[in-house]
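Worksheet for the structure shown next.
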Amino acid sequence: MRPADIAKLRSALLDWYDAHARALPWRRPPGSTDRVDPYRVWLSEVMLQQTTVPHATPYFERFTARWPTVSDLAAAEDGDLMAAWAGLGYYARARNLLACARTVARDHQGVFPDTEAGLLELPGVGAYTAAAVAAIASDRPANVVDGNVERVVARLFAVETPLPAARPELRRLAGSLVADDRPGDWAQALMDLGSTVCRPRWPLCLMCPISGFCAARATGEPDRYPVKTKKAAKPHRRGIAWVLRDAGGRVALVRRPDKGLLGGMLGLPTGDWREGPPDETPPIEAGWTDAGAVEHVFTHFSLTLWVRVAEGAGDYLWRPEAEALAALPTVFRKALVRSGIA
DNA sequence: CATACGTGGCA
DNA sequence: TTGCCAAGTAT
């Protein structure tokens, strides 16, 4: 695109953003010129990784109320933080969040780095998050490329290369639009446009401030972009969750290993989850009764989790039912709820 | 470059 | 019902 057109496109999108920016709790209020708190920007960006705004928002409110600064977060107990993250998914984010907060508190005196390169060194901060925090919190002209930006750029330039192979090309094209003027607003304008106007399905081209520059719009089939390669079907696995209650109605939980699926989270005792018949080995001998099954879908497989219930004792983390429900990842919440129906 | 890693909403 | 999609990162 010619430099003069880039300038017009940028101006049109920034004007649109001034009029239509979404009000979100991690943004400065409309009209304010206050600097945004890098801690809140970072926290919101981590929560928003592969996660919708409506899902992340209540978590953001609870986290910032409970841990107002990065140093407060750094001082949190691991179990408290993991429980607060329960239900948000991608639990490696929570482990990295704590590691990152402690690094910033210990090695950077509680102050986030103000450069992209410095941010990139932190745990759980990759190319996207480093660029986003640098742009939004420190006015750095960083090339912020997330799924929204990829889609907007793929349409703007009618990129025929399918994702994920197109990623380097889309990144280069997005970079060609970055300038020193209002870097944080530019990044958020592109992402807002992508989520509200240049949507994956049924893009609202009539509402789009840059449709005049859009090659996909000119083809008449803007929603054909970005072109994607088809994904393989998920395998289906089966397993059993063992719900053991003591005489006081408390539930037996285990802490899962730090690595792997639901790593570091509390869970119900469970055997292997396999594509064949489920692992029937109970964790202890007891009078187990069948409580049916729950269905759950993970990123790379789906699961039928059978639920079996018994009363007993043993070397577990015993938690009251309500506390267990609050701290468990969703798949085990479903199983625990199911166990009470039987 | 491929794979592992959650969850909920939507058509 | 099924598949796709959402402000990605680590290995």
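Just so you know, these numbers come straight off a predicted model, no measurement behind them.
Two residues, A/Pro123 and A/Lys234, neighbour DNA chain C, and the one matched to the more 5' nucleotide by heavy-atom proximity is A/Lys234. Along DNA chain C, the nucleotide nearest A/Glu45 and the nucleotide nearest A/Lys230 are compared for position; the residue whose nucleotide lies closer to the 5' end is A/Lys230. If you find the closest nucleotide of DNA chain B to A/Phe301 and to A/Lys334, the one lying nearer the 5' end belongs to A/Phe301.
OP1 or OP2 of B/dC5 has at least one side-chain nitrogen or oxygen of A/His300 nearer than 4.0 Å. Applying the 4.0 Å criterion to OP1 and OP2 of B/dG6, one finds that A/Thr299 has every side-chain N and O outside that range. Residue A/His296 places at least one side-chain N or O closer than 4.0 Å to OP1 or OP2 of B/dT7. Taking only side-chain nitrogens and oxygens, A/Arg95 never comes nearer than 4.0 Å to OP1 or OP2 of C/dT9.
The residue A/Ala127 sits close only to the backbone: its heavy atoms come under 4.0 Å of sugar-phosphate atoms, none of a base. Residue A/Leu262 is classed as a sugar-phosphate contact, given heavy-atom separations below 4.0 Å to backbone atoms only. Using a 4.0 Å heavy-atom distance criterion, A/Gly87 is classed as a sugar-phosphate-only contact. Within 4.0 Å of A/Gly260, counting heavy atoms only, lie sugar-phosphate atoms of the nucleic acid but no base atom. Counting non-hydrogen atoms under 4.0 angstrom, A/Pro329 reaches the backbone sugars and phosphates but no base. Residue contacts for A/Arg167: at a heavy-atom cut-off of 4.0 Å it reaches no nucleic acid atom on any strand shown. Among the heavy atoms of the strands, none lies under 4.0 Å from A/Trp42. At the heavy-atom level, A/Thr129 lies under 4.0 Å from the strands shown only through sugar-phosphate atoms. As judged by a 4.0 angstrom heavy-atom cut-off over every strand, A/Arg27 is placed among the base-contacting residues. As judged by a 4.0 angstrom heavy-atom cut-off over every strand, A/Leu24 is placed among the base-contacting residues. Backbone-only contact: A/Val331 has heavy atoms under 4.0 Å from sugar-phosphate atoms and none from a base. Residue contacts for A/Pro226: at a heavy-atom cut-off of 4.0 Å it reaches no nucleic acid atom on any strand shown. Among the protein residues, A/Val149 comes within range of no part of the nucleic acid, since none of its heavy atoms lies under 4.0 Å from any strand.
In this structure, CZ on A/Arg256 lies 11.0 Å from CE on A/Met82, to the nearest 0.5 angstrom.
Counting heavy atoms from C-beta on, the side chains of A/Leu81 and A/Phe63 come closer than 4.5 Å. Within the 4.5 Å cutoff, the side chain of A/Val36 has no heavy atoms near those of the A/Trp26 side chain.
Separation of the P atoms belonging to B/dT3 and C/dC4 is 16 Å when rounded to the nearest angstrom. When the C1' atom is used for both B/dC5 and C/dA6, the distance is 15 Å, rounded to whole Å.
Remark: the A/Tyr128 side chain and the C/dG8 base include no donor-acceptor N/O pair separated by less than 3.5 Å. Remark: the A/Thr51 side chain and the B/dG8 base include no donor-acceptor N/O pair separated by less than 3.5 Å.
Relative ring orientation between A/Trp242 and A/Trp288 is described as perpendicular, the plane-to-plane angle rising above 60° on a 0-90° scale split at 30° and 60°.
Note: CE (A/Met47) to C1' (B/dG6) measures 15 Å, nearest angstrom. Note: CD (A/Gln50) to P (C/dA10) measures 13 Å, nearest angstrom. In this structure, A/Arg93 places its CZ atom 8 Å from C1' of B/dG6, rounding to the nearest Å. Between A/Asn96 atom CG and B/dA4 atom C1' there is a gap of 14 Å when expressed in whole angstrom units. Between the OH atom of A/Tyr91 and the C1' atom of C/dA10 there is a distance of 18 Å, rounded to whole Å. Between A/Leu120 atom CG and C/dA10 atom C1' there is a gap of 12 Å when expressed in whole angstrom units. Protein atom NZ of A/Lys259 is 6 Å distant from nucleotide atom P of C/dT11, rounded to whole Å. Separating the CZ atom of A/Arg201 from the P atom of C/dG3 is a distance of 14 Å, rounded to the nearest angstrom.
Side-chain proximity of A/Gln49 to B/dT7, B/dC10, C/dT9: nearest is C/dT9.
Between A/His300 and A/Phe298, the distance from one ring center to the other does not fall under 6.0 angstrom.
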Legend entry - Pair A/Gln49-A/Arg93, side chain to side chain donor-acceptor pair (under 3.5 Å): steps then yes or no: CA-CA 9 Å; A/Gln49 290 168 9; A/Arg93 291 185 294 173; 4.9 Å; no
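Looking at A/Asp34, A/Asp192, A/Asp37 one by one, the single match for salt bridge (Lys or Arg N to Asp or Glu O under 4.0 Å) with A/Arg27 turns out to be A/Asp192.
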